[in-house]
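Data first, discussion second: the structure below is written as structure tokens.
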Amino acid sequence: MSFENEHHQSLDNIKRQAKRLAKTLDIPLTQAQFLLAKHIYLENSFSDIKTKIKRNESTGRMFLALVSRNNSKEIQTQFLSEFGDILTSIHNSHIATVYSGSARELLMNIFVFPSE
């Protein structure tokens with residue numbers, strides 16, 4: 001995959017993740033983007049995620065932008081190894097007060113596309 005294709009795919013992925021979070025929590029998209037950035041990616045804003053993708057920065061949880069149906073084994077392994085920490089981030093966030101289901105179920109909705 002070319003450098004430009006990977007950026008485009010990552011940007012599309014984070015947009016879809018935010019849309020799924022908005023739908024799951026029944027909140028406005030801008031609020032979902034903020035929650036995704038702050039509590040799942042551990043970034044200050046959704047804009048910061050997009051900037052890091054464009055700069056090809058892969059620090060922290062930026063690998064989550066590559067999580068998709070067709071992700072590599074390496075991304076799957078990294079996602080699974082970070083899963084517990086991401087769950088903890090959700091439990092300790094505003095998301096836990098808004099969502100009535102489990103944090104695990106929420107992550108699966110955002111990243112695994114159960115109903116698409």
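Quick note: numbers below take in every heavy atom, side chains included, and nothing from hydrogens, waters or symmetry partners.
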Working note: Ile40 + Phe111, criterion side-chain contact (heavy atoms from CB on, under 4.5 Å); need CA distance, chi angles, decisive distance, verdict. CA-CA 11 Å; Ile40 296 176; Phe111 294 104; 3.9 Å; yes
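- Atoms CG and NZ, on Leu21 and Lys23 in that order, are 12.5 Å from each other to the nearest 0.5 Å.
- Within the 4.5 Å cutoff, the side chain of Asn109 has heavy atoms near those of the Tyr99 side chain.
- To the nearest 0.5 Å, the span separating CG on Asp12 from NZ on Lys15 amounts to 6.0 Å.
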Is there a side-chain contact (heavy atoms from CB on, under 4.5 Å) between Glu105 and Thr24 once you walk through the steps? CA-CA 10 Å; Glu105 178 184 271; Thr24 301; over 6 Å; no
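- Nearest heavy-atom pair across Lys50 and Ile14 is CG-CD1, 3.5 Å.
- Remark: Met108 CE to Ser102 OG distance equals 9.5 Å, nearest 0.5 Å.
- Side-chain contact between Asn13 and Val67: absent, with no pair of heavy atoms (C-beta onward) separated by less than 4.5 Å.
- Ile110 and Val98 end up in the same hydrophobic cluster when Ile, Leu, Val, Met, Phe, Trp and Tyr side chains are linked at under 4.5 Å.
- The shortest heavy-atom contact between Ala37 and Ser45 is CB-C, 3.3 Å.
- Taken to the nearest 0.5 Å, the CG atom of Leu25 stands 6.0 Å off from the CG atom of Leu106.
- Pairs engaging residues 17-50 under the ring-ring contact (aromatic ring centres under 6.0 Å, His included) rule: none recorded [sequence neighbours left out].
- In this structure, Ile53 CD1 and Leu66 CG are separated by 8.0 Å, a value rounded to the nearest 0.5 Å.
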Hey, can you pull the donor-acceptor pairs under 3.5 Å for the side chains in residues 82-96, sequence neighbours left out?
from, atom 1, to, atom 2, distance (Å)
Thr88, OG1, Gly84, O, 3.0
Ser89, OG, Arg61, NH1, 3.1
Ser89, OG, Arg61, NH2, 3.1
Ser89, OG, Asp85, O, 3.2
Asn92, ND2, Thr88, O, 3.2
Ser93, OG, Ile90, O, 2.8
Ser93, OG, Ile95, N, 3.1
His94, ND1, Thr97, OG1, 3.3

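- Interatomic distance, CE of Met62 versus CZ of Arg55, reported as 11.0 Å (0.5 Å rounding).
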